[in-house]
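Contents: one structure, followed by commentary.
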Amino acid sequence: MVLMDFNELEQIRAEKIDVLRSAGIEPYPTRAKRTHTTQQAKQAFEQQETIEGADPIRVTLAGRVRAMRPMGKICFIHIEDIDGRLQLFFRVNEVGAEAMKLLTATVDLGDFIEASGEMVRTRTGEVSLLVHAYTMLAKAITPLPAGKDEIVDGELIQHGGLSDPELRYRQRYADLAVNPEVREIFRIRAKTIRALRCFMDDHQFLEVETPILQPIYGGAAARPFVTHHNQLHQDLYLRISFELYLKRLVVGGLERVYEIGRDFRNEGVSFKHNPEFTQLEFYWAYADYLQVMELTEKMISQVAMAVLGTMQITFDGKEIDLTPPWKRVNLRDGLIEATGIDIQQYPDGPSLAAAMQEKGIAANPQMPRGKLIDKLLGDHLEPTFIQPTFLYDYPIDISPLAKKIPGDPTMVERFEGFIGGMELCNAFTELNDPIDQEQRFLEMGRAYAEDDDENNPMDEDYLKAMCYGMPPQGGFGMGIDRLVMLLTGKRSIREVLLFPHLRERDRTGESSDS
RNA sequence: GGGCGCGUAGCUCAACGGCAGAGCAGUGGCCUUUUAAGCCAUUGGUUGAAGGUUCGAAUCCUUCCGCGCUCACCA
């Protein structure tokens, strides 16, 4: 029982709850009566101040106590609310001796309080609320993990605040309460998603929702999470992409569709991977991957402008310019330049692996050709693409849902977008030939072991949809978390997820018996 | 999963084989314009867990738990 485990500091605060109750004060009242936020009150005051002999501005503010300076018969408290901090000025003259005594006896840093009075300027010129009456709104028992801070030229300088990453992620509420820059990350995240939505809507894309629980997973090479429907006695998978469902909708005549939602992949966790992550996918009938490329650079640059007001961002100490057009690099040419290997000359895995080994690049000859190429581009191209770059024209064997380049049966019309040395998006001209698609599924099946989870099962219903006729279309997928990383300058995906996945804490403290 | 690093008071950190400490927060006192308020006094620890080496372990060794970085994995 967590409430039995109060430490000494919490015990002392919990006792103050009793002090309040015995003074006839409810420490958790049902309602608040706020009339202004801190900034509204400040603005109202500053406006009124210019008028000679104007009536005082009377307000009721509510917020969390973030600083407290009791000085005997007066007391200064800074409260913080959604849009900033404001100083409360308590004087025994206004609030009375009894309330003054209770203030210092029962109010702690972290408590939510409400105070009403008139706006004034203190001797040092700070706009403050001269408090006539105050009430407790919610007594905090656990002290915030905050150090002291000061405001210098409007900048908040924290002295010894919360920095332990584990505590920050496990107790994100405490992190948010204490670190305003963390709150800002999630404002940027919200703005980013809104800007993406606006962009898609403005381009006549219809927002849709497709199943998260799927009987057959597909659309990406990834291990799925498995779950079970009890009543139907049916295993279900959490989706690893939206692709196959969205393209069914294009078959149905919804020419432009998009979805923003969560994907789940049962894979390793890293600074750019979380088991669940947010994805934008769109499908665009009668467009090809070149049009998608143009729409992509337009979208990202416009989103940056909407969110940050600029197309110049700084990521990992590097200046990045998102202004279109972006650099375009042909995959084959890029690999020749970076590694001296012309993938065209090595039609299968073993020959390509041998060529790689000759260049001193570790390569497993057992690996399929596509995976080797993927490894080459991941190691030798991806990290070099700091400025926005489209890498285009991929080998067919790592792109089973993309359409062949006319006249070249080994390559497909596909591109990936990279920024800051990180893959951001993946797109292609979609394969719409059901017979070709069935072949690709069968080839994929052969390339993977039967028990390999990445061996995507044949989705017969998807083929059936395609048999009804699927218009040519361009498709696109992007990790929104990574875009938010770029826009906030954060190197870890965990920084841009409110509740990143962490291993379960060993609650008992006993060593595991496994 | 492998390698490296880290885990000490509520928070930020010292002590690196010899009495577990500081600042902030807390508690008591003084203080009617402060703002990292100040002054005086003071509480607070199973050093992540378990085992081992040693006269003696926060410190050295082993195992485990968690976090970080990194490699592997990751159309």
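Just so it is clear, the values below take in all heavy atoms, side chains as well, and ignore hydrogens, waters and symmetry mates. By convention in this document, chain letters (A, B, ...) are assigned in the order of the sequence lines, proteins followed by strands, and residues within each chain are numbered from 1. Computed from a predicted structure; not experimentally measured.
Atom CD1 of I240(A) and atom CD of Q279(A) lie 10.5 Å apart (nearest 0.5 Å).
A distance of about 36 Å separates the P atoms of A72(B) and A9(B), rounded to the whole Å. Between G48(B) and G7(B), the distance separating the two C1' atoms is 6 Å to the nearest Å.
K375(A) has no side-chain polar atom (N or O) that falls below the 4.0 Å cut-off from OP1 or OP2 of A75(B). Side-chain nitrogen and oxygen atoms of R69(A) include none within less than 4.0 Å of the OP1 or OP2 phosphate oxygen of U34(B). Put simply, R13(A) has no side-chain N or O that comes within less than 4.0 Å of OP1 or OP2 on G26(B). For K148(A) and A25(B), the shortest distance from a side-chain N or O to OP1 or OP2 is below 4.0 Å. Residue R440(A) places none of its side-chain N or O atoms closer than 4.0 Å to OP1 or OP2 of A75(B). Contact between the side-chain N/O atoms of R414(A) and the OP1/OP2 oxygens of A75(B) is not found at any separation under 4.0 Å.
In this structure, the CG atom of D374(A) is 6 Å from the C1' atom of A75(B), given to the nearest Å. Rounded to an integer number of Å, the gap from CZ of R223(A) to P of C73(B) is 11 Å. We find that CG of D149(A) is positioned 13 Å from C1' of C11(B), with the value rounded to whole Å. Between the C1' atom of A75(B) and the CD1 atom of I373(A) lies a distance of 11 Å, rounded to the nearest Å. Whole-Å rounding puts the K16(A) NZ to G28(B) C1' distance at 12 Å. Regarding F76(A), its CZ atom lies at a distance of 13 Å from the P atom of A36(B), rounded to whole Å. For D164(A) and G5(B), the CG to C1' distance is 15 Å, given to the nearest whole Å. M100(A) places its CE atom 9 Å from the C1' atom of U32(B), with the value rounded to the nearest Å.
Across all strands shown, G45(B) forms no Watson-Crick or G-U wobble pair with both distances under 3.5 Å. For U62(B), the paired base is A50(B) (Watson-Crick or G-U wobble, both distances below 3.5 Å). Pairing for C67(B) goes to G5(B), judged as Watson-Crick or G-U wobble with the two contacts each under 3.5 Å. Shown here, G38(B) forms a base pair with C30(B); the pair counts as Watson-Crick or G-U wobble because both key distances fall under 3.5 Å.
In summary, D459(A) and R248(A) engage in a salt bridge, as defined by a charged side-chain N under 4.0 Å from a carboxylate O. Under the 4.0 Å criterion applied to side-chain N and carboxylate O atoms, K403(A) and E413(A) are not assigned as salt-bridge partners.
Less than 6.0 angstrom separates the ring centroid of F89(A) from the ring centroid of F76(A).
The residue among R482(A) and M68(A) whose nearest nucleotide of RNA chain B lies closer to the 5′ end is M68(A). Comparing P145(A) and K73(A) against RNA chain B, the residue whose closest nucleotide sits nearer the 5' end is P145(A).
Side chain of D481(A) to main chain of T278(A): a donor-acceptor pair is present (N/O by atom type, distance under 3.5 Å, no hydrogens or angles).
Of the candidate nucleotides C11(B), U34(B), G26(B), U34(B) has the atom nearest to the side chain of Q87(A).
Interface remark: the H273(A) side chain does form a donor-acceptor pair with the C74(B) base, using a distance-only criterion of under 3.5 Å. Judged by atom type and distance alone, S163(A) does not reach the base of U12(B) through any side-chain donor-acceptor pair under 3.5 Å.
If you check every strand for non-hydrogen atoms under 4.0 Å, R494(A) touches sugar and phosphate atoms only.
Between the side chains of E495(A) and Y169(A), at least one donor N or O lies within less than 3.5 Å of an accepting N or O.
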